[in-house]
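For reference, the structure is listed below as C-alpha cells.
We count residues from 1, following the sequence as given.
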Amino acid sequence: VQLQASGGGLVQAGGSLGLSCAASERTFSSLAMGWLRQAPGKEREFVAAISRSGGITYYADSMKGRFTISRDNAKNTVYLQMSSLKPEDTAVYYCAAGPSQVKLRSYEYDYWGQGTLVTVSS
C-alpha cells in the first residue's frame, strides 16, 4: 500500500488547513486509516483515526473540536481538516493505514505515507 499525503503548508495561528492522503490500494475500504504527527524533537503522536466505513472516528484530546478526519472510499482518500490551529500544531503529519480495526497507536499501523509539513506561525 502506497500513501501520498499532501496539503501541508504555512498558516497563521487561528487559521485552517486541510490535508489529504491518497492510497494506491484498490481495497482501500478494507483499511483503517489514521493521521499521526511528529513535532521537532518530540515523539510521534496520534492525531485522529477513522474506521473502514468512516462511521467511527477517534481524536486525541487536544484535537477534539478542532480537527475532523473523514474518508472517501470511492476516491481512496482520507482527509484531515484542521481549524483553530495553534503554533504547537506545527509538525510533520503522516497518514497511516492498517487492516481491520481502528488503530490509536503508532505501532499498530502497517503502512505510512511520506509526511507533509504543517507550520503554524504565531
Is there a donor-acceptor pair under 3.5 Å between the side chain of [X] and the backbone N or O of [Y]?
X	Y	result
Thr90	Val120	yes
Lys103	Pro99	yes
Ser51	Ile56	yes
Thr116	Gly8	yes

Any side-chain heavy atom of [X] within less than 4.5 Å of one from [Y]?
X	Y	answer
Trp35	Cys21	yes
Ser16	Gln81	yes
Lys86	Arg66	yes
Thr68	Leu80	no

Step by step, work out the side chain to side chain contact (heavy atoms under 4.5 Å, CB included) result for Lys75 and Phe28.
-> CA-CA 9 Å; Lys75 295 183 178 180; Phe28 177 75; over 6 Å; no
Who pairs with Arg37 by salt bridge (Lys or Arg N to Asp or Glu O under 4.0 Å), at least two apart in sequence or on another chain?
->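 Checked Arg37 against salt bridge (Lys or Arg N to Asp or Glu O under 4.0 Å); matches are Glu45, Asp89.
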Is there a chain of hydrophobic side chains (I, L, V, M, F, W, Y, each step under 4.5 Å between heavy atoms) that links [X] to [Y]?
X	Y	answer
Met63	Val118	yes
Tyr109	Val47	no
Tyr93	Tyr111	yes
Leu3	Leu36	no
Val102	Phe46	yes

To check you understand the geometry: which heavy-atom pair defines the closest contact between [X] and [Y], and what is its length?
X	Y	value
Met33	Ala97	SD-CB, 3.4 Å
Lys42	Gln38	O-NE2, 3.1 Å
Arg52	Ala32	CG-N, 3.8 Å

Do other residues, nucleotides or ligands put more than 12 heavy atoms under 6.0 Å from the OH atom of Tyr59?
->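 Yes, OH of Tyr59 has more than 12 neighbouring heavy atoms, counting only those of other groups under 6.0 Å.
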Heavy atoms from other residues, nucleotides or ligands near CD of Glu88 exceed 12 (cutoff 6.0 Å) |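 Above 12, so yes.
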Gap separating the [atom1] atom of [X] from the [atom2] atom of [Y], nearest 0.5 angstrom:
X	Y	atom1	atom2	value
Phe67	Ser84	CZ	OG	9.0 Å
Ile50	Leu31	CD1	CG	12.5 Å
Leu19	Ile69	CG	CD1	10.5 Å

With sequence neighbours left out, what residues match Gln114 under side chain to side chain contact (heavy atoms under 4.5 Å, CB included)?
->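 For Gln114, the residues satisfying side chain to side chain contact (heavy atoms under 4.5 Å, CB included) (neighbours in sequence not counted) are Gln4, Ala5.
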Scan Leu85, Leu10, Val11 and name whichever one has a side chain to side chain contact (heavy atoms under 4.5 Å, CB included) with Ser121.
->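 Of the listed residues Leu85, Leu10, Val11, the side chain to side chain contact (heavy atoms under 4.5 Å, CB included) partner of Ser121 is Leu10.
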Look at the rings of Tyr94 and Trp112 and say which category their plane angle falls in: under 30° parallel, 30 to 60° tilted, over 60° perpendicular.
->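 Judged by the thresholds at 30° and 60°, the geometry between Tyr94 and Trp112 is perpendicular.
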